[in-house]
Protein chains: 2
Amino acid sequence: MASIKDVAAEAGVSVATVSRVLNDHPSVSADARTRVLAAVEALGYRPNAVARSLRTDQTHTLGLVISDVMNPYFTELARSVEEEARALGYSVIIGNADERPELQDHHVRTLLDRRIDGLLVSPTDGGSPLIVDAARAGTPMVFVDRWIPGVEVPVVRADGRAAVRDLVAHLHGLGHRRLAIIAGPAATTTGSERVEAFREALGEYGIPLPDAYIGQGDFQAESGRRVTEGFLDLPEPPEVVFAADNLMALGALDAVRARGLRVPDDLALAAFDDIRWFVHTDPPITAIAQPTGELGRAAVRALVDSIEGRTPRSVTLPARLVVRRSCGEPPASPEPAPVRNRSQS
Amino acid sequence: MASIKDVAAEAGVSVATVSRVLNDHPSVSADARTRVLAAVEALGYRPNAVARSLRTDQTHTLGLVISDVMNPYFTELARSVEEEARALGYSVIIGNADERPELQDHHVRTLLDRRIDGLLVSPTDGGSPLIVDAARAGTPMVFVDRWIPGVEVPVVRADGRAAVRDLVAHLHGLGHRRLAIIAGPAATTTGSERVEAFREALGEYGIPLPDAYIGQGDFQAESGRRVTEGFLDLPEPPEVVFAADNLMALGALDAVRARGLRVPDDLALAAFDDIRWFVHTDPPITAIAQPTGELGRAAVRALVDSIEGRTPRSVTLPARLVVRRSCGEPPASPEPAPVRNRSQS
DNA sequence: CACGTCGATGTAATCGATTCCACGAGGAGG
DNA sequence: CCTCCTCGTGGAATCGATTACATCGACGTG
């Protein structure tokens with residue numbers, strides 16, 4: 001592969017001049033510039049990003065460590081992150097933690113070794129020392145969706161509190177009184193927050209949230225199935241199950257289906273995270289939608305601000321309830337546009 | 001950030017010795033080794049992968065350019081690729097082409113600039129000169145799922161021919177005679193191959209595939225909706241629509257639903273690519289399943305073979321038909337295990 | 001005892017870029 | 001006409017690693 005030296009030789013100038021042309025530094029004669037450009041063209045030269053990074057100490061790369069690529073919510077997040085990053089001149093390297101802390105740390109370490117300019121993390125657990133140290137050491141970092149409390153890092157996330165309240169109102173209005181939740185890992189902020197919001201909203205109606213109605217899941221489908229089976233085996237099973245993410249809702253659906261029961265007649269179901277498939281499930285699932293695309297973009301902007309020396313800001317956006325048929329009684333009007341355009345947020 | 005020089009100073013040895021310890025070269029005294037290791041520990045030193053790559057001309061990184069991250073098929077592929085790569089000591093950088101050739105080229109160029117050790121591509125179009133040139137120039141490369149004809153690059157893919165024949169047999173057995181297909185872009189191998197296989201299989205029953213029953217899609221949901229509406233507007237609409245990928249099937253479902261029609265009563269539906277959501281749609285969708293995980297792993301193995309100087313082999317694995325209810329008449333026995341374990345292929 | 005071998009170590013070149021500094025030519029100003 | 005500044009350019013240092021080569025002491029062998 002041709003290097004800058006080859007270009008310099010071909011153009012009859014020094015490597016310094018070639019470099020100046022490439023980085024369009026002002027003081028290069030028009031003549032030299034055209035000769036260099038011709039040489040670049042002739043040799044099919046492309047600058048070696050590795051060498052450039054070593055010298056400049058910037059890789060123009062962002063690391064994104066997400067909890068689970070197979071989760072459509074995170075896939076969509078990754079997509080919007082990459083899009084915004086590209087618009088700002090950065091590449092993105094994605095690491096999939098698969099909800100496993102040690103895998104998360106593996107990716108963080110690898111990304112740090114590659115000297116990425118900044119890190120976007122949605123922490124799988126509540127306190128990876130590696131991440132905390134990196135943050136303290138000054139690595140530009142932004143938390144997205146989930147965060148680690150007590151660390152001075154901007155957080156970009158959706159606040160589901162109001163939407164959860166709307167959901168509970170909706171459920172209460174449908175006559176449901178025994179409401180259960182499939183929670184995420186307590187070690188994640190989203191895991192515990194959603195339970196709290198749910199409990200609080202129930203409280204407003206004087207409905208308790210007994211321990212038996214709090215199932216411990218791990219944000220993956222299998223745990224949703226297991227927890228739901230537990231609920232169904234209870235002497236007094238809940239009338240509604242609220243899954244704290246979309247995959248656990250899928251597992252819940254599996255469990256109900258395996259017993260030959262029906263949603264919402266035998267058990268109503270709602271989920272946090274709205275994904276396009278929820279429109280097509282049997283029945284369509286009522287869910288709390290996060291502004292995923294906007295979150296991804298805001299996170300990138302905050303991170304790039306941090307990298308380029310501006311002060312990054314935390315961002316909290318509202319989530320909203322999308323009512324469908326999985327909790328009973330169809331909504332007043334059918335959903336207007338079944339295919340959502342993928343470029344919208 | 002501490003460099004190898006700092007470690008050398010701290011340990012009281014030369015950088016060469018530090019480097020030898022780090023790469024466990026045999027001729028280092030036990031004493032020096034422990035001192036270096038202690039210094040590494042004390043300083044929290046981590047080798048700079050950028051510098052290392054520049055010197056050794058290897059990045060231990062694979063590039064993966066896929067057509068669409070939002071497509072669960074490719075997400076699963078990406079996941080298995082990363083897993084196998086990690087097991088073999090490589091990282092993966094994913095580029096999302098979003099079915100746009102220029103975006104695909106952008107990512108290929110960026111990856112090449114970063115001097116990745118090898119490239120895994122599922123080409124969005126039939127003949128990016130950039131990719132062809134890179135292959136000819138000797139960049140280790142493997143095509144996965146789709147390929148570019150006429151280029152000397154191993155291909156790892158699933159052969160759906162037999163499964164399509166099974167599907168047609170199934171449809172014919174249910175009494176369907178007017179069968180249409182939503183095709184992928186003709187520029188992709190999978191796009192044209194699936195139409196051919198379908199036409200061939202129909203031929204065995206003496207059923208023609210008129211042009212009106214070949215809708216041109218682009219592997220994205222919106223095109224599936226558009227094409228399906230076209231089909232429904234025909235004077236003699238088809239009884240079955242076969243979508244060449246899962247997203248177009250989703251779009252087809254949208255179109256049917258928007259008209260207040262029902263699957264399979266008004267229009268039967270089948271899809272290429274089986275994804276877990278198909279079990280939960282209304283109705284569950286009959287699909288052709290590819291051994292996605294195995295494809296990803298095989299592709300990585302072939303690529304790493306190529307990188308490390310062994311001869312890579314092309315791999316073709318069979319796809320298989322999974323019958324559900326979207327073409328009419330439920331299958332003989334219900335699906336045995338509703339939740340599929342995510343670690344299986 | 002001399003010499004060759006081997007193991008441990010350090011010095012320095014190298015990878016491919018960027019960038020500081022020095023230098024020469026040419027133009028402006030006194 | 002001399003000085004000074006500016007502009008275009010090249011030489012060389014530098015980033016942080018790896019590695020060929022040189023060196024040196026210890027040891028084994030004839």
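Values in this document were obtained by computation on a predicted structure and should not be read as measured data. Here is the naming used below: chain letters follow the sequence lines, and residue numbers restart at 1 for every chain. Just so you know, these numbers use all the heavy atoms, side chains as well, and skip hydrogens, waters and symmetry mates.
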Visitor: Would you classify Ala49(B) as touching base, sugar-phosphate or nothing, given that sugar-phosphate means primed atoms plus P, OP1 and OP2, and contacts are heavy atoms under 4.0 Å?
Guide: nothing

Visitor: Reckon Ser27(B) touches a base, only the sugar-phosphate, or nothing at all at heavy-atom distances under 4.0 Å?
Guide: base

Visitor: Is Arg109(B) salt-bridged to Asp113(B), cutoff N-O under 4.0 Å?
Guide: no

Visitor: Considering every strand and a 4.0 Å limit on heavy-atom distances, what is the contact class for Val13(A): base, sugar-phosphate, or nothing?
Guide: sugar-phosphate

Visitor: State, with a plain yes or no, whether a side-chain heavy atom of Leu62(A) is found less than 4.5 Å away from one of Leu303(A).
Guide: yes

Visitor: By nearest nucleotide on DNA chain C, pick out whichever of Arg55(B) and Tyr45(A) is the more 5' one.
Guide: Arg55(B)

Visitor: Between the base of dG10(D) and the side chain of Arg20(A), is there a donor-acceptor distance below 3.5 Å?
Guide: yes

Visitor: How is Asn23(B) classified with respect to the nucleic acid when contacts are heavy atoms under 4.0 Å: base, sugar-phosphate, or nothing?
Guide: sugar-phosphate

Visitor: Ala16(B) or Ala51(B): which one's nearest nucleotide on DNA chain D is closer to the 5' end?
Guide: Ala51(B)

Visitor: What does Ser19(B) touch in the nucleic acid at a heavy-atom separation under 4.0 angstrom: a base, only the sugar-phosphate, or nothing?
Guide: base

Visitor: Is a salt bridge present between Asp305(A) and Arg301(A), judged by a nitrogen-to-oxygen distance below 4.0 Å?
Guide: no

Visitor: Taking only N and O in the side chain of Thr17(A), is any of them less than 4.0 Å away from OP1 or OP2 of dG10(D)?
Guide: yes

Visitor: Does Ser29(B) make a side-chain N or O approach to OP1 or OP2 of dT9(C) shorter than 4.0 Å?
Guide: yes

Visitor: Mark yes or no for a side-chain to base donor-acceptor pair under 3.5 Å between Arg52(B) and dT18(D), with no hydrogen or angle criteria applied.
Guide: no

Visitor: Find the distance Leu54(A):CG to dT18(D):C1' and express it as a whole number of Å.
Guide: 13 Å

Visitor: Side chains of Ile131(A) and Gln104(A): closer than 4.5 Å at any heavy-atom pair?
Guide: yes

